[in-house]
Structures are given as C-alpha cells and as structure tokens.
Protein chains: 2
Amino acid sequence: MGIKERKERHKEDLKAKILEAAKKLFVKEGYEATSIRKIAAEIEFSPTTIYLYYKDKTDIAYALHQEGFSLLRERLSALIYVEQPFERLKAMGRAYIQFALDHPDFYELMFIMKEPMEYLQAHHPEEDWPEGERVFDGLIQTVEACQKAGYFVDMNTAEVAMLSWSVVHGLCSLHITSHFKHIAEKCSSYALPEHEALLESIFQTYIRLLDGLK
Amino acid sequence: MGIKERKERHKEDLKAKILEAAKKLFVKEGYEATSIRKIAAEIEFSPTTIYLYYKDKTDIAYALHQEGFSLLRERLSALIYVEQPFERLKAMGRAYIQFALDHPDFYELMFIMKEPMEYLQAHHPEEDWPEGERVFDGLIQTVEACQKAGYFVDMNTAEVAMLSWSVVHGLCSLHITSHFKHIAEKCSSYALPEHEALLESIFQTYIRLLDGLK
DNA sequence: TGCATATATTAACAGTGTTAATTAATTTTG
DNA sequence: CAAAATTAATTAACACTGTTAATATATGCA
C-alpha cells in the first residue's frame, strides 16, 4: 500500500505548507492580520481547504505557539554547559529576553495573547501544554540546583521559578506593548539606556538584588 | 446662548453614554466582542452615530484605558498614609495585584493589549500618556524615598521602579493569560497555593528577597 | 468500467470596522 | 415668519473576517 503512504505524506506536506504560509504572514503582519483567506492565497488553495487540516484559526495559532516554544527551548537548553547553577539561571534570563527581542511576534503568541492558551484549555484539557512544561521544567531544575548551592534557601522552588519567569516576562511584555517606551521618554533625568539596552540594564538591576543575597 | 450650552451638554452626555455602554459590554464580554454595532444597539442609536463622537474603535479603547488608569491611581494614592517608604512600596505592589484581580478586563486593556498604546503613539505623540505617567510618578517617588531610607543604594531610581513594575506586571499578566494555571497544575509536588493566592505568595517570595538586602 | 471515498471548491451566512451619501431636525439669517 | 444654512442621525454600501453546508472533482478499489 505505497500509494496510501504517499497520500499520507502529501497530507502531512500540505499541513506543513499551511503552517509555513501562516508563519510567514504572521511574522510579517501579526496574528490578527493573518487571515485564513490570505493563508489560502499564499499556498494557492481555496480558503476552506485550510479547514480540512486545521480545526479553526486558533488551532493554527496553537501550532505556531508550539513552534515558538521549541525555538525557545533550543536556546535555553544550549545553556546546560553553564555549570554554576546561579550563573545558568542568569544566563537563562538573558537568553529569554533575547528571544523576546529577536522574535517579538512569537513571544506575543506564546506569552501575551490569550487565544492559544484558551484553545489548549478548551481542546486538550488533559495533557496540557507539553512544550511549555518542558521549558519550565528546565527552569525548575536550575532553581533547585541554585538552592543546593545556597541560594533561595527556605523558599518554595516552584515559586522562585515562577518569580524568575515573572520578572523577565514583565520586562519583555512591557517592552513589546511599548509601555516602557512611553515611560522612558519622560525619565530623561535618570539617564536610562535606550530601547533594548534598557531591558538588559533593568535585568542587571534585578541580578544585583539577587547577588546581595548569598 | 444657553441653548448652545445645553446642546454642548447633550453632546457630552451622549459621548459619556457611548463610553458607559462600551464599558458595560467590554467588562462583560471583553474588547474583541464589543463591537460598534453592539454599543450602538445598547444606547439605541445607529452604529454610525458612534463615529460622530469617537474617531474609531481604538479611540474608545483609549478612553476606557484612561478610565482604568484613574481607577488604579485612586487605589495607589490611597496608600500615601503608609509612612515607611519600603512598606509603602510593598503595599503598592499588593494593591496593583489586587487591582488586576478585581478588574482583569481593565488590566488587559491597560497593560496587555497593544491597541491603546499604539493609538496613543499614532495620535498623541507629544503629550503622551498623562494618566499612566501620574501612576508611574508615584512609584518613582516611593522608590526615591526608599533609597533615602537606605534601600536600593547605588541603583538607578527609574530602573528600580521599572523593575518593581515588571515583577508585579509579570505576575498579573501570566495569571490573566492563564499561563500560571497550566504550570501550577503540574507542580503538585511543591504544595503551591491555588489561583489568586498563588500571586500573593509569589509576590511574598519577592519581598523576602528584597528584605534580605538592607 | 462503475462505485465509493477522500479531497477540494463554490456559495453562503453572520458578523466586523468604517465611509459616503442622504435624510431629518434645528438654528441662524433675510 | 419663512427660507437658508448648519448640525445630527440615518441608511446603504464596501471590503473585509471566520466558518459551515452543499457541491464538484479526482482518486483508489472491486
């Protein structure tokens, strides 16, 4: 039954091509502007064909969401070579910020928009969010290692991990939504770095707070 | 010319009624689901009448955005009675979190969505964001007072303020976008508090880090 | 070759924000 | 007071959106 297999392969191909087209449009024009009809035009199929491969638009959003997480995981897992756990934690924070700066659209989809997470809750209430968990697991393990090295003593590991995440996410999302931009302009008397360097600098301030601990 | 004034007043009234209707729908069903046509039906006018009072939909979003900021400012300015600056800073953080929990829709509009800030940038590039700045000014002043009391020494005031903001915003936004929910479920071994108590608990963890400084 | 199945398409529905043209009401002016 | 001008509100329309049902087309199997 080689024919059947070829059809299967074609089907997989088309599904991938849809996602590829969606990603292209989405990176260029954002999620809202990426319509089913535009995706269809991109791959030269009729709009309804998309629905043979993806349940609805949020299904596509979720697929991209997953892609984003494997991109992020790649970057973070590259840091296992940093042996000192606290140094690794800091490096993870910087890598996370850099990811957000390099892929603001993906970041928005992964962490700012509600749609993909709500889709997850509605359609996969069981297994929930394997990609995200793997990333978070890495963070948990690093925090645990930090605790063994004398940092964050007597603190809940998961809570420290969530706090670390909150700090960098707060920085990245306030940057992406251009909240920082507006505020920074009015803080000329404080000699703040500009744009992306500001994020790095605030993160450094956070690190200095943590350094004061041990 | 009392008639002219009455008409002016009527015009102001209708503008306010539109905003009121928009707020009602927006709080109940969210921003996307709040269409111009629904707002119009709510006040029993035709959809195009809205455009005589607001430039476009983002103009309405921005008006609500501003309302949200005066709500937040009310809460934060109620904390000036807390004399110890570091205590006040902590209280501001808790009040900010409570605001996000009490008004998640407003919070989303104010800090998560891009539309109102982009509208601001596009239509009022000069004066930029008076409501937001006043809130941030209060934070800056509190941080400054903390520094005079020996906290955050040798650190950039504005950066410490932005960091403080990032921490609570990170917490609130990851909560609202239900990212924490999915992660927390998989962290049963860490005995985490549930839902909103989790935010308070993580914030407490942050406070413990800061407490270790002075 | 004929039938069944999977695949893709067209047509359509119910919405969306927004603008132009038109009508109704009100105020100002001759 | 009546006519003209201004203002306010409406209807109709455009160009979209996501999505579904009904229809056509091509393919694999007996």
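Here is how names work: the chains are called A, B, and so on, in the same order as the sequence lines, proteins then strands, and each is numbered from 1.
- Residues satisfying the salt bridge (Lys or Arg N to Asp or Glu O under 4.0 Å) test with A/E29, not counting sequence neighbours, are A/K38.
- Contacts classified as side chain to side chain donor-acceptor pair (under 3.5 Å) and involving residues 191-200 of chain B (residues at least two apart or in different chains) are not found.
- Side-chain N/O atoms of A/Y51 include none lying less than 4.0 angstrom from OP1 or OP2 on D/dA21.
- Between B/K57 atom NZ and C/dG15 atom P there is a gap of 15 Å when expressed in whole angstrom units.
- Relative to the axis of its first five pairs, the axis of the last five pairs of the helix from C/dT1-D/dA30 to C/dG30-D/dC1 sits at 30°, rounded to 10 degrees.
- Every residue was checked against the side-chain contact (heavy atoms from CB on, under 4.5 Å) condition with A/S77, not counting sequence neighbours, and none meets it.
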Taking distance alone, no hydrogens or angles, what donor-acceptor pairs closer than 3.5 Å link side-chain atoms of residues 163-172 of chain A to residues at least two apart or in another chain?
unit_1: A/S164; atom_1: OG; unit_2: A/V160; atom_2: O; d: 2.7
unit_1: A/W165; atom_1: NE1; unit_2: A/Y96; atom_2: OH; d: 3.1
unit_1: A/S166; atom_1: OG; unit_2: A/M162; atom_2: O; d: 2.8
unit_1: A/H169; atom_1: ND1; unit_2: A/Y107; atom_2: OH; d: 2.7
unit_1: A/H169; atom_1: NE2; unit_2: B/S173; atom_2: OG; d: 2.9

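- In this structure, the ring pair (Phe, Tyr, Trp, His ring centres under 6.0 Å) partners of A/F26, at least two apart in sequence or on a different chain, are A/F106.
- For A/Y206, the ring pair (Phe, Tyr, Trp, His ring centres under 6.0 Å) criterion is met by no residue, not counting sequence neighbours.
- Using modelled atom types, one side-chain atom of B/R88 and one backbone atom of B/V82 make a donor-acceptor pair closer than 3.5 Å.
- Between the OH atom of B/Y54 and the C1' atom of C/dG17 there is a distance of 17 Å, given to the nearest Å.
- Here the C1' atom of nucleotide D/dG18 and the CG atom of A/D59 are 14 Å apart, to the nearest Å.
- In this structure, A/Y53 reaches the C/dA8 phosphate: one of its side-chain N or O atoms is under 4.0 Å from OP1 or OP2.
- Proximity of a side-chain donor or acceptor of B/Y62 to a complementary backbone N or O of B/E115 within less than 3.5 Å is not detected.
- Listed by chain and number, the residues in a salt bridge (Lys or Arg N to Asp or Glu O under 4.0 Å) with A/E67 are A/K23 (sequence neighbours excluded).
- Among residues two or more places apart in sequence or in another chain, the salt bridge (Lys or Arg N to Asp or Glu O under 4.0 Å) test is passed with B/K17 by none.
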Collect all protein-nucleotide pairs involving nucleotides 9-11 of chain C in which both atoms are nitrogen or oxygen and the distance is under 3.5 Å.
unit_1: C/dT9; atom_1: OP2; unit_2: A/S46; atom_2: N; d: 2.8
unit_1: C/dT9; atom_1: OP2; unit_2: A/S46; atom_2: OG; d: 3.3
unit_1: C/dT9; atom_1: OP2; unit_2: A/T49; atom_2: OG1; d: 2.5
unit_1: C/dT10; atom_1: O4; unit_2: A/T48; atom_2: OG1; d: 3.2

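- In this structure, CD1 of B/I18 is placed 12 Å from P of D/dA8, rounded to the nearest angstrom.
- Listed in residue order, the members of residues 22-41 of chain A having a heavy atom less than 4.0 Å from DNA chain D are A/T34, A/S35, A/I36, A/R37, A/K38.
- Residues passing the salt bridge (Lys or Arg N to Asp or Glu O under 4.0 Å) test with A/D102, sequence neighbours excluded: A/R75.
- Between the CD1 atom of B/I43 and the P atom of D/dA8 there is a distance of 15 Å, given to the nearest Å.
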